[in-house]
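Structure first, commentary second.
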Protein chains: 2
Amino acid sequence: MELEASVRLAALAEPTRLRIVGLLGEGTCCVCDVRDAVDVAPNLLSYHLRVLREAGLVSATRRGRWIDYRLDPDGFEVLWAQLAEAGIPLPGAPAEVSTCTVRTEEGP
Amino acid sequence: MELEASVRLAALAEPTRLRIVGLLGEGTCCVCDVRDAVDVAPNLLSYHLRVLREAGLVSATRRGRWIDYRLDPDGFEVLWAQLAEAGIPLPGAPAEVSTCTVRTEEGP
DNA sequence: CCATGACTTCAACGTTGGTTGAATCAATGG
DNA sequence: CCATTGATTCAACCAACGTTGAAGTCATGG
């Protein structure tokens, strides 16, 4: 797990990139399609795609003039695994009735 | 859903805060306990806790001199719901064999 | 071969975010 | 009431991030 969980989370923690990931989750692929759906300048779109690529959440392949982007399922799996290991409550986890370890009588 | 998913994600997308959330997931509560586990200056810790609080991931109550922090399960549930709605592949979701909508013959 | 289209890279800018040190607030104890 | 302890707030700083405009690739088509 060369990549920190926070890197992947930071990649997702931006509205435009989150929308892009949502789009790619539906199978949209070439950059121009993404550009039509997400209204940003092409160079800015490239930047955001690069962030997602470097975070391992997305991969790209050239097809003639065009470059297709798709989600990288492995990246997401690794992310969720890292969060689970860090003790973050993921969906489907027990509600965890928050038993406080602190002594409630006279403080630490 | 008054709060954007990106706000909650950004709150998690920082190593120190991710560690704090992990600790609170185990039930650690008062700020001084967190401070012992996460080696940061008290004022900086306050800052990070405030970010988590404003993201709705954590809640606090005063107990005498001390202030106890705990995870807010609702905040996490809302986050996962928002991500699911945005089309982000969550853990337990089907691997989604990435069917590309783009025509593979002659581009867009 | 040059023009065009798709996309990326580079350099610069303004804003945001994490960090620090000093000051402040809240609650207890002498 | 004042000193002390736990925790927060404030002001200032520097680095990182998102944004923009111009220049640069890479592949196709006239």
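The chains referred to below are lettered A, B, ... by the order of the sequence lines, with proteins before strands, and numbering in each begins at 1.
Using a 4.5 Å cut-off on side-chain heavy atoms (C-beta onward), Q82(A) and I88(A) make no contact. Side-chain contact between Y69(A) and L49(A) is present, with at least one heavy-atom pair separated by less than 4.5 Å.
To the nearest angstrom, C1' of dT9(C) lies 14 Å from CG of L49(A). Atom-to-atom, CG of L45(A) to C1' of dG21(D) comes out at 16 Å; the value is rounded to the nearest Å. One can place CZ of R35(B) at 13 Å from P of dT5(D), the figure rounded to the nearest angstrom. Between the CG atom of L52(A) and the C1' atom of dT8(C) there is a distance of 15 Å, given to the nearest Å. Between the CD atom of E14(B) and the C1' atom of dT19(C) there is a distance of 10 Å, rounded to whole Å. The CD atom of E54(A) sits 15 Å away from the P atom of dA16(D) (whole-angstrom rounding).
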One character per nucleotide, please: for nucleotides 20-30 of chain C, 5' to 3', B when the base has a protein heavy atom closer than 4.0 Å, S when only the sugar-phosphate does, - otherwise. BBB---SSSS-
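Closest non-hydrogen pair, L3(A) versus G56(A), comes out as CD2-N, 4.4 Å.
For R50(A), whose side chain is taken as the heavy atoms from C-beta onward, the closest listed nucleotide among dT9(D), dT9(C), dT8(C) is dT9(C).
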Using atom types as modelled, flag every donor-acceptor pair under 3.5 Å from a side chain in residues 11-25 of chain A to any protein atom, sequence neighbours excluded.
| unit_1 | atom_1 | unit_2 | atom_2 | d |
| --- | --- | --- | --- | --- |
| E14(A) | OE1 | T16(A) | N | 2.9 |
| E14(A) | OE1 | R17(A) | N | 3.2 |
| R17(A) | NE | A11(A) | O | 2.7 |
| R17(A) | NH1 | H48(A) | ND1 | 3.1 |
| R17(A) | NH2 | A10(A) | O | 3.2 |
| R19(A) | NH2 | A37(A) | O | 2.9 |

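A side-chain donor-acceptor contact under 3.5 Å links W80(B) to the backbone of P89(A).
Nucleic acid contact for R17(A): sugar-phosphate only, since backbone atoms but no base atoms lie under 4.0 Å from a heavy atom of the residue.
Annotation: salt bridge (charged side-chain N to carboxylate O under 4.0 Å, His left out) contacts involving residues 47-59 of chain B, sequence neighbours excluded, comprise R50(B)-E54(B).
OP1 or OP2 of dT19(D) sits under 4.0 Å from a side-chain N or O of H48(A).
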